[in-house]
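For reference, the structure is listed below as structure tokens.
Positions are given from 1, in the same order as the sequence printed here. Worth knowing before you read on, the calculation uses all heavy atoms, side chains too, and leaves out hydrogens, waters and symmetry mates.
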Amino acid sequence: MTRASRAVASPRAVSIADLRTLARRRLPRIVFDYLDGAAEGEVTLAANRRAFDAVTFRPRQAVEVPRPDLRTRLLGFDLSLPALLAPVGYCRMMHPGGEIAAARAAGAAGTISILSTVSGHSLEEVKAATSGPAWYQLYLIGGREAAEGAIERARVAGYSMLVITVDTPVVGMRERDARNGTQELLNGGLLAKTPFLPQLLAHPAWLAGFLRDGGLQALPNIVVPGQGGFTLADTRGSMSRAVFSWKDLRWIRGIWRGPIIIKGVLTGDDARRAVDEGAVAVVVSNHGGRQLDSVAATLDVLPEIVDAVNGQVEVLLDSGIRRGSDIIKALCLGARAVLIGRAYAYGLAAAGEAGVARAIEILREDLERTLKLIGCQSTAALDRSYVDAPARGGTRADRVPAPSP
């Protein structure tokens, strides 16, 4: 067991915040800020957390909950807990195991991993690594030909859902990356990289793993016929030339016959449009605050989305999940399950697969403990009567009458 693996397995790593601390210690600043940062003033990043903190519990006391049941049925899949691993771009930069390590940990934990288009490992390798289901997240980077190739490869490899992210017409202004010179590191020659040497050399364990892994490599799932694979530096400019619009769904459905999920929904109107276009689920997401700053926290808009789809499709939520109690709050307000992103990526950065496994374990333990403390037998039994939440505008929402214990 490596020193990093021992650290996450020890009593020191008892929360996602602890894993964040370990990740910050192991990674160079420029890599950590890529993972940790958000757009512009990071207003939405902070708002996501405040929204969870503002929701309070209404526990049922003196209720026996000997074995809390976390099992969740989602879109035909049986999960051991209501949390999936969200797509996180280029995890391989955080740890050589990258998306393979995350998928393996997800399968072992009995949940689903969602692979980003901007992955450091091929979609075939990632699918082969997990013992559980895998979903593929789609950007149109590289244009339609590149997307068609990736969709067909995902179908052949056995991915069961296509998750289309709709909130990235351009990459958000991530000021930490701009100040750190991330583009210079990715694009520049050897001379341009010399200013980064002190911080890279100050993290020898990360640097050794990065160099053994071959450094920055082409993105194996963005392949333009006749041009080869994109690099990470290519994606920023290509994103603005490959904007997804609703009319693209007709073309995508001609290639992908399986179910489609729309990720990045923040209004009831867009949620209804997704339903009308045949989506089987929507993900209420603000990209973890990494795209448009000053949009609403996802937990705040969740009730609007739930009301808008009116039970026609499943509703998932991401952005801001750091504790199992956060997951319970989202379920009480109508989400079927959540996606976790930074929460597991901190674990990956800290200790690879062992870190991801520890992140999932922390959330599972949180879920079980919180269910016991609020007097609820299962995640399936959660509803709004277990929480008191501010309505949009700041006042407390009307409560659903609490059932007798």
Side-chain angles (χ1 to χ4, degrees), residues 68-87 99 102-117 123-124 126-138 150-166 249 252-265 271-285 302 305-306 308-318 321 327-328 330-341 344 360 363-364 367 377-383:
D69 187 356
L70 310 184
R71 292 174 298 175
T72 302
R73 180 80 171 169
L74 174 67
L75 297 171
F77 298 98
D78 291 313
L79 310 181
S80 70
L81 76 169
L84 295 72
L85 270 55
E99 298 84 4
R104 189 178 290 122
T111 191
I112 294 168
S113 62
I114 308 174
L115 179 66
S116 171
T117 294
L123 60 88
E124 292 86 358
V126 175
K127 180 62 179 72
T130 182
S131 57
W135 298 353
Y136 186 69
Q137 176 269 335
L138 180 69
I151 291 170
E152 175 60 15
R153 287 170 57 194
R155 183 192 68 79
V156 172
Y159 286 80
S160 49
M161 296 272 176
L162 191 65
V163 181
I164 302 176
T165 299
V166 298
L249 273 175
I252 291 172
R253 287 200 175 281
I255 310 162
W256 176 265
R257 303 297 184 184
I260 290 174
I261 296 171
I262 300 296
K263 179 178 181 288
V265 171
R272 284 187 288 269
R273 180 64 185 268
V275 173
D276 292 343
E277 295 289 348
V280 298
V282 295
V283 182
V284 184
S285 172
L302 175 61
I305 308 303
V306 171
V309 303
N310 195 28
Q312 296 175 83
V313 301
E314 300 280 27
V315 178
L316 297 89
L317 175 139
D318 78 5
I321 302 288
I327 299 173
I328 287 179
L331 269 55
C332 286
L333 293 177
R336 184 66 168 172
V338 303
L339 276 58
I340 58 170
Y344 83 82
I360 298 171
L363 295 175
R364 189 191 302 276
L367 281 164
Q377 303 292 337
S378 68
T379 51
L382 292 167
D383 59 32

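Counting only distance, with no hydrogens or angles, the side chain of R155 and the backbone of G158 share no donor-acceptor pair below 3.5 Å. A distance-only check finds a donor-acceptor pair linking the side chain of R336 to the backbone of R73 [under 3.5 Å]. Y344 places no side-chain N or O within donor-acceptor distance of the main-chain N or O of L84, the cut-off being under 3.5 Å. Here the side chain of T111 pairs no donor or acceptor atom with the backbone of L79 at under 3.5 angstrom.
In terms of the salt bridge (charged side-chain N to carboxylate O under 4.0 Å, His left out) criterion, R364 has no residue partners (sequence neighbours excluded).
Here the CG-OG distance, from L75 to S160, works out to 9.5 Å after rounding to the nearest 0.5 Å. For the atom pair L123 CG and R153 CZ, the distance stands at 4.5 Å (nearest 0.5 Å). Distance OG/S113 to CZ/R104: 11.0 Å, rounded to 0.5 Å. Here CG of L367 is found 11.5 Å from CG of D69. Values are rounded to the nearest 0.5 Å. With rounding to the nearest 0.5 Å, the separation of CD1 in I327 from CG in L339 is 10.5 Å.
Other residues, nucleotides and ligands contribute more than 12 heavy atoms inside 6.0 Å of the CZ atom of R253.
A 4.5 Å side-chain heavy-atom check between L382 and T379 finds at least one atom pair inside the cut-off. Looking at I262 and V283, their side chains never come closer than 4.5 Å, going by heavy atoms from C-beta outward. Residues V315 and V265 fail the side-chain proximity criterion, which asks for heavy atoms closer than 4.5 Å. In this structure the side chain of L115 reaches within 4.5 angstrom of the side chain of Y159, judged on heavy atoms. By the 4.5 Å heavy-atom criterion applied to side chains, L138 and I252 are counted as neighbours. Between F77 and T72 the shortest side-chain heavy-atom distance does not fall below 4.5 Å. Within the 4.5 Å cutoff, no side-chain heavy atoms of I114 are placed close to those of I261. In this structure, K263 and D318 have side chains that are in contact, with non-hydrogen atoms separated by less than 4.5 Å.
Side-chain atoms of Q137 and T165 form a donor-acceptor pair, as typed in the model, at a separation below 3.5 Å.
Considering every non-hydrogen atom in both T130 and G107, the closest pair reads OG1-CA, 3.4 Å. Minimum heavy-atom separation, L70 to S80: CB-O, 3.4 Å. Contact detail for A150 and Y136: the closest heavy-atom pair is CB-OH, 3.7 Å. Closest heavy-atom contact between K127 and A134: CD-CB, 3.7 Å.
When each of V282, L302, V306 is checked for a side-chain contact (heavy atoms from CB on, under 4.5 Å) with L317, only L302 meets the rule. Screening V309, N310, L316 for a side-chain contact (heavy atoms from CB on, under 4.5 Å) involving V313 leaves a single residue, V309.
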